[in-house]
Every structure is written in structure tokens, then in C-alpha cells.
Amino acid sequence: MKRVSPLFLVLLVLGFFFATYNLLTMIIHYKTSTSEQWDLSNPFIQMPGNLMEGEGSNSKYHVALTATDAPYSQWQCRIMYYWYKKVKEMPGSDMGKFTRILHSGKPDNLMEEIPTFVVDPLPEGLDRGYIVLNRPWAFVQWLEKAMIDEEYILMAEPDHVFVNPLPNLARGKHPAGFPFFYIKPSDHKHVIRKYYPEEKGPVTNIDPIGNSPVIIKKSVLEKIAPTWMNISLRMKDDPVTDKAFGWVLEMYAYAVASALHDVHHILHKDFMLQPPWDTEVGKKFIIHYTYGCDYNLKGELTYGKIGEWRFDKRSYLSGPPPRNLSLPPPGVPESVVKLVKMVNEATEDIPNWDTLNRG
């Protein structure tokens with residue numbers, strides 16, 4: 001496999017530095033913001049007002065994630081697909097087929113291992129170094145060109161691990177989404193109004209979500225996706241918006257696009273957990289390992305400082321993590337321990353783990 005250039009790695013590391021800085025700023029008030037805004041005893045944080053009680057769907061959904069051919073993306077996709085296969089047939093699961101939407105424009109060496117649909121990346125330079133802008137464009141192409149049997153779609157990401165069987169949480173035309181504490185449209189009214197005019201209604205119509213994880217009816221996503229793509233590009237092209245939203249710009253674009261089409265999500269707090277901040281797995285469905293997990297040997301979190309024990313996906317930019325990672329020290333929360341055990345199981349069972357996708 002072609003080796004990754006030093007310049008690319010430098011740019012990637014810089015990108016992750018700024019992303020981590022932004023996310024660290026966001027999580028300072030994580031626990032207080034969630035407890036103040038939401039009733040955490042209720043799995044449904046917000047239900048659309050016109051949703052009939054008891055209305056539901058047990059239809060299968062297609063699992064779809066966007067990815068690149070970089071080793072960093074590949075090893076995460078392999079773990080994600082491994083756990084999809086393990087959980088798919090469990091009681092309570094409504095999972096259908098699986099697609100990795102590869103927006104590198106050409107096949108890679110995982111085509112035989114993971115069901116993959118190749119689409120084109122954005123024209124060179126259009127993403128301005130913000131590779132996530134390729135996500136809505138990838139979904140637009142996939143929806144237009146692919147044969148998708150299921151009526152619903154789960155938009156997922158490579159760093160998702162299915163920890164419990166996931167039913168179809170959508171209800172008819174109402175998608176299911178996860179409420180992100182740092183997506184706050186009302187805090188950015190002056191920016192939001194550039195894309196969501198007053199005649200559409202109050203800014204509070206915009207859900208505090210990103211596009212993932214979301215379970216959505218295919219016909220609804222087909223309407224939203226082109227708008228999501230166009231708003232993402234417009235936001236990135238506007239310096240004020242780009243500065244305000246930073247690394248989560250594409251998430252805001254999806255939320256605004258949904259509201260423009262009068263699509264309102266069921267906000268489901270148990271959809272996902274994010275270690276190290278969410279400490280218990282419980283009945284949640286997806287582990288999202290976007291944050292680094294740093295602890296001292298006493299089991300105390302040292303976020304913002306490299307720990308004596310750590311698991312951070314960004315430590316493995318140019319190749320996969322080794323098999324049999326060391327388990328966290330005593331006292332580390334269940335969610336982190338569970339994550340590392342699941343990574344270890346996957347890497348132990350996946351063939352050619354150490355060699356297939358190393359840059």
C-alpha cells in the first residue's frame with residue numbers, strides 16, 4: 001500500500017490538534033449543561049409535537065458510514081464492521097445491510113472485506129482542508145446511484161462501536177437523533193439566520209444534532225441531503241460562520257437543512273455514549289470513541305494531559321493499534337474498559353490486522 005506522505009501527516013495532526021482544542025472547550029460544562037437542560041431519567045429528551053403516542057416502526061434500516069482510504073479511517077471501519085456483524089442478528093436489532101461509502105474516488109484494499117460503494121470526493125480544494133465536507137456530498141451520490149433495499153438508513157461513523165442491539169428508533173417520518181450538548185443554535189442566532197430565515201420560524205425549530213447517529217427514512221434523507229451539502233459549502237465559504245462553528249460546522253449544516261425541510265428529530269439520549277464523559281454503558285446502543293481517554297495509575301481522569309494509561313484513536317494516524325491493548329487501571333469507568341475490551345476482541349479476530357491497512 002502506498003505510504004502516507006510526511007506533509008499529509010503533519011496537516012492531519014494539526015487538524016486533530018485544533019479539533020481536540022475545540023472539543024476540550026466544549027466539554028468544560030458537559031455535565032452541568034446536560035443535567036440543566038434535559039430530564040436524564042427519560043430516554044426521550046424531545047418528541048416532535050405531532051408524533052402520535054405509540055406510533056413506531058420496526059422496519060429494517062441500512063447502516064451507512066462515510067470513509068476515506070487512509071489507514072486511520074480503515075482500521076476504524078474494520079472494527080465498526082466487525083461489531084455490526086456481531087450485533088446484527090441479536091434479538092432487538094433492526095439492522096439491515098451495511099455500506100461503507102468510500103469518498104476517495106477509487107477502490108481500496110478493503111473492498112472484499114467490507115461492503116463498499118465508491119463515490120467521488122469534492123473537487124480539489126473545495127473542502128479547504130475540512131474533510132468532513134465530503135460527507136454530505138458522499139451521501140447525495142450514494143442515494144442517487146445505489147440500490148438500497150431498506151426503507152430507513154442509519155447514518156453512522158467509523159469510530160462507532162455497537163455495544164447493544166439497536167432497534168429502529170425512528171417513528172414514521174420523524175428521524176431519531178442524538179442530542180449533542182455543544183450544538184446550540186440559539187446561541188448563534190445571528191449566524192443561523194443567514195441560512196434559516198425568520199419566515200421559517202424560530203431558531204428553536206433547529207434540533208441540537210449532527211447527522212450521526214441518525215436513523216431516518218430514506219425518502220426524507222433524499223430531500224435533506226442536497227440542502228445539507230449546499231449549506232455545508234456555504235457555511236464553510238463564510239468566514240464568520242466558519243469561525244463560529246469550527247469543527248462542528250457540518251453538524252450545524254445538517255441540523256439547519258433538516259429544519260428547512262420541516263423535519264424534526266426524536267432526541268434519544270441513549271442512542272450513544274461518549275467515553276470518558278459517559279461512564280456507564282447501561283442500555284445505550286453505540287460507543288463513540290471520539291475523545292481521548294487519559295488516566296493515571298490511580299484510575300483518575302487526566303483529560304488535557306497525556307495519562308500514564310491512555311487510549312486515543314489519534315495515536316494511530318498512520319496504522320492500526322496493536323492487538324491486545326493494555327486494559328485500564330482499576331477505578332477507570334466501565335465505559336472505557338468496555339471500549340478497550342471490544343477493540344481487543346475485534347483486532348484479535350480480524351484477519352491480517354497488523355498488516356492490511358498500515359500506511
Side-chain angles (χ1 to χ4, degrees), residues 1-2 4 8 11-12 15 60-81 84 95-160 175 210-237 247-255 257-258 261 356-357 359:
M1 181 175 175
K2 185 178 179 181
V4 180
F8 174 79
L11 292 174
L12 196 58
K60 296 288 185 180
Y61 57 82
H62 194 107
V63 180
L65 70 155
T66 58
T68 73
D69 60 2
Y72 177 70
S73 177
Q74 287 185 322
W75 69 255
Q76 293 175 57
C77 289
R78 298 182 81 191
I79 292 174
M80 199 271 200
Y81 184 58
Y84 156 81
M95 290 178 175
K97 296 178 182 178
F98 184 103
T99 299
R100 179 183 63 135
I101 308 173
L102 182 64
H103 55 77
S104 298
K106 60 184 186 300
D108 67 358
N109 57 350
L110 294 182
M111 302 295 291
E112 295 184 5
E113 179 177 331
I114 303 175
T116 299
F117 191 90
V118 179
V119 298
D120 294 326
L122 288 168
E124 186 175 358
L126 195 58
D127 64 10
R128 300 189 182 187
Y130 181 53
I131 197 170
V132 186
L133 280 186
N134 284 279
R135 182 176 294 154
W137 173 225
F139 270 107
V140 167
Q141 295 175 81
W142 179 64
L143 289 165
E144 288 180 348
K145 300 175 181 179
M147 294 293 295
I148 306 165
D149 295 331
E150 295 84 355
E151 186 180 4
Y152 290 83
I153 293 168
L154 165 64
M155 292 189 285
E157 297 182 15
D159 60 353
H160 286 176
N211 82 288
S212 176
V214 163
I215 300 177
I216 186 169
K217 203 166 189 177
K218 180 173 62 176
S219 59
V220 176
L221 183 57
E222 287 171 338
K223 296 176 181 178
I224 293 174
T227 308
W228 170 29
M229 180 189 71
N230 289 330
I231 290 179
S232 295
L233 293 172
R234 287 176 55 200
M235 285 183 170
K236 189 62 180 176
D237 197 47
W247 192 249
V248 295
L249 179 149
E250 170 267 341
M251 298 172 69
Y252 272 100
Y254 174 80
S258 298
H261 288 277
L356 184 61
N357 56 359

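On a predicted model such as this, the values are computed, not experimentally measured, just so you know. Worth knowing before you read on, the calculation uses all heavy atoms, side chains too, and leaves out hydrogens, waters and symmetry mates.
- With a 4.5 Å cut-off on side-chain heavy atoms, Gln141 and Ile101 do not count as touching.
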For the pair Asp127 and Lys236, evaluate side-chain contact (heavy atoms from CB on, under 4.5 Å) and give the outcome as yes or no after the intermediate values.
-> CA-CA 8 Å; Asp127 64 10; Lys236 189 62 180 176; over 6 Å; no
So Ile114 and Met80, side-chain contact (heavy atoms from CB on, under 4.5 Å) or not? Walk me through it.
-> CA-CA 10 Å; Ile114 303 175; Met80 199 271 200; over 6 Å; no
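- Interatomic distance, Ile224 CD1 to Leu221 CG, rounded to the nearest 0.5 Å: 6.5 Å.
- The distance from the CZ atom of Arg128 to the CG atom of Asp237 is 4.5 Å, given to the nearest 0.5 Å.
- Environment of NZ in Lys218: crowded, with over 12 heavy atoms of neighbouring residues, nucleotides or ligands closer than 6.0 Å.
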Check step by step if side-chain contact (heavy atoms from CB on, under 4.5 Å) holds for Leu126 and Leu133.
-> CA-CA 9 Å; Leu126 195 58; Leu133 280 186; over 6 Å; no
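- Contact record, Gly105 with Val118: C-CG1, 3.6 Å, taken as the closest heavy-atom pair.
- Looking at heavy atoms from C-beta onward, His261 lies out of side-chain contact with Val220 at the 4.5 angstrom threshold.
- Closest of all the heavy-atom pairs between Pro175 and Val214 is CB-CG1, 4.1 Å.
- Taking all atoms of both residues into account, the shortest heavy-atom contact from Pro136 to Met229 is CB-CA, 3.7 Å.
- Salt bridge annotation for Lys60-Asp149: absent, with no cationic side-chain nitrogen under 4.0 angstrom from a carboxylate oxygen.
- Using the six-membered ring where Trp is involved, Tyr84 and Phe98 have ring planes that are tilted, between 30° and 60° apart.
- In this structure, Asp108 and Arg100 have side chains that are in contact, with non-hydrogen atoms separated by less than 4.5 Å.
- A pairwise comparison of heavy atoms in Val248 and Tyr130 identifies C-OH, 4.0 Å as the closest pair.
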Step-by-step side-chain contact (heavy atoms from CB on, under 4.5 Å) determination, Val63 to Lys97 | CA-CA 6 Å; Val63 180; Lys97 296 178 182 178; over 6 Å; no
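- Of the possible polar contacts, one joining the Asn134 side chain to the Leu122 backbone as a donor-acceptor pair under 3.5 Å is found.
- Residues Leu65 and Glu157 fail the side-chain proximity criterion, which asks for heavy atoms closer than 4.5 Å.
- Under a 3.5 Å cut-off, the side chain of Ser104 and the backbone N or O of Asp69 do form a donor-acceptor pair.
- Shortest non-hydrogen contact noted between Ile153 and Ala64 is CG2-CB, 4.3 Å.
- Using a 4.5 Å cut-off on side-chain heavy atoms (C-beta onward), Thr116 and Leu110 make no contact.
- Considering CG of Leu143 and CZ of Phe117, their distance stands at 10.0 Å, rounded to 0.5 Å.
- Ring orientation note: the planes of Trp142 and His62 are tilted relative to one another, at an angle of 30° to 60°.
- Taking CE of Met251 as the start and CZ of Arg135 as the end, the distance is 8.5 Å to the nearest 0.5 Å.
- Within the 4.5 Å cutoff, no side-chain heavy atoms of Leu249 are placed close to those of Tyr252.
- Between Ser73 and Ala67, the closest heavy-atom pair is OG-CB, 3.4 Å.
- Separation of atoms CD (Glu222) and NZ (Lys217) is listed at 11.5 Å; rounding is to 0.5 Å.
- Taken from CH2 in Trp228 to CG in Leu233, the straight-line distance is 11.5 Å, to the nearest 0.5 Å.
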